[in-house]
Amino acid sequence: MMHEREDPATWHGAHIVNERELSFVSNAQAKRRARKRQNVIFSVMALVVLVAFVAATLAFTGVLKIGGSSNQLQAQAQPAAVIENPACPEANFAYQDPASFKVRVLNTTTISGLAGKTAEALEKRGFKISATSSGLENYQDRVAVVLAGPHGYAQALTIQRQVPGSEFVYDEKMYGTEVDLALGSGFENLVKERKLNTAPGALTCAGAD
């Protein structure tokens, strides 16, 4: 009686995995592992980009201050409600990063181009100029007046340090940390940068002795 010829790819009815099949399985597993690694890498990269974007947005809008000291943050956040004399606070305020707030430069005199030239000089020092205009003629006989609201004391100090002889005037209606610099007939020039005082200090108020 003739025996049926057994399939060389089987052993007692069980399939024998050959070298080619083993290679195919190994390659498939390797590809799956590679895809998993790529997915993990892409996910991490996407998360890093998202965090960087959020941080940049917060820094741009002023919510997040990068490189600022705690004194700067405290001074900036200190509202008039906790200051005994809002019109002329006796507290010391920290010098601020010029790029962290906006300044509007006003010409109260008849000198043509005074606001524009001063704004250009401030921009070279890193300040953000929101606008140049004329107005506030009642301050014409002063050197300069720095106007700010309840959240702009430290910023007003920073601008005041640029203009020798300038005076601070409190304006509760002014928004946020924005500052107005009104140039009078006594204004000559900004203080030289090498002589600029960036230490914390008090404001010099209008009418103060």
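Taking OG of Ser133 as the start and CG of Asn107 as the end, the distance is 9.0 Å to the nearest 0.5 Å. With rounding to the nearest 0.5 Å, the separation of CZ in Arg104 from CG in Asp180 is 4.0 Å. In this structure, Thr109 OG1 and Glu137 CD are separated by 9.5 Å, a value rounded to the nearest 0.5 Å. Gln155 CD to Glu178 CD: the interatomic distance, rounded to the nearest 0.5 Å, is 10.5 Å. A distance of 8.5 Å separates CD of Glu167 from CD of Gln160, quoted to the nearest 0.5 Å.
Shown here for Ala156 and Val179, the closest heavy-atom pair between the two residues is N-CG2, 3.9 Å. Residues Phe93 and Ala154 approach most closely at CB-CA, 3.8 Å, considering heavy atoms. The shortest non-hydrogen separation linking Ala87 to Cys205 is O-SG, 4.0 Å.
Clustering ILVMFWY residues whenever any of their side-chain heavy atoms sit less than 4.5 angstrom apart, transitively, puts Leu203 in the very cluster that holds Ile83. Residues Val145 and Met174 share a hydrophobic cluster, clusters being chains of Ile/Leu/Val/Met/Phe/Trp/Tyr side chains in contact below 4.5 Å. Side-chain heavy atoms closer than 4.5 Å link hydrophobic residues (I, L, V, M, F, W, Y) into clusters, and following such links, possibly through other members, connects Val146 to Val143. Val169 and Val103 end up in different hydrophobic clusters when Ile, Leu, Val, Met, Phe, Trp and Tyr side chains are linked at under 4.5 Å.
When atom types are taken as modelled, the side chain of Arg161 and the backbone of Val191 share no donor-acceptor pair closer than 3.5 angstrom. Of the possible donor and acceptor atoms, one in the side chain of Thr108 sits under 3.5 Å from a partner among the backbone N and O of Leu183. A donor-acceptor pair is defined here as one N or O able to donate and one able to accept, closer than 3.5 Å; no such pair exists between the side chain of Thr132 and the backbone of Val105. A distance-only check finds no donor-acceptor pair linking the side chain of Gln162 to the backbone of Leu190 [under 3.5 Å]. The closest donor-acceptor contact from the side chain of Tyr95 to the backbone of Gly201 lies at 3.5 Å or more, if one exists at all. Distance alone, capped at 3.5 Å, is enough to place a donor-acceptor pair between the Gln96 side chain and the Ala94 backbone.
With a 4.5 Å cut-off on side-chain heavy atoms, Ile159 and Leu157 do not count as touching. A heavy-atom distance below 4.5 Å is found between the side chains of Leu196 and Thr198. Two residues are said to be in side-chain contact when any heavy atoms from C-beta on lie closer than 4.5 Å; Leu147 and Tyr139 meet this criterion. Residues Ile111 and Phe187 have side chains not in contact (no heavy-atom distance under 4.5 Å, counting atoms from C-beta outward). Looking at Ser166 and Thr204, their side chains never come closer than 4.5 Å, going by heavy atoms from C-beta outward. For the pair Tyr153/Pro86, a side-chain contact is recorded, criterion being any heavy-atom separation below 4.5 Å from C-beta on. Put simply, the side chain of Val163 does not reach to within 4.5 Å of the side chain of Thr118, judged on heavy atoms.
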Practice item. Dump the intermediate steps for side chain to side chain contact (heavy atoms under 4.5 Å, CB included) on Asn85 and Glu90, then the final yes or no. Key: CA-CA 8 Å; Asn85 182 12; Glu90 297 180 359; 6.0 Å; no
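Arg142 CZ: more than 12 foreign heavy atoms inside a 6.0 Å radius.
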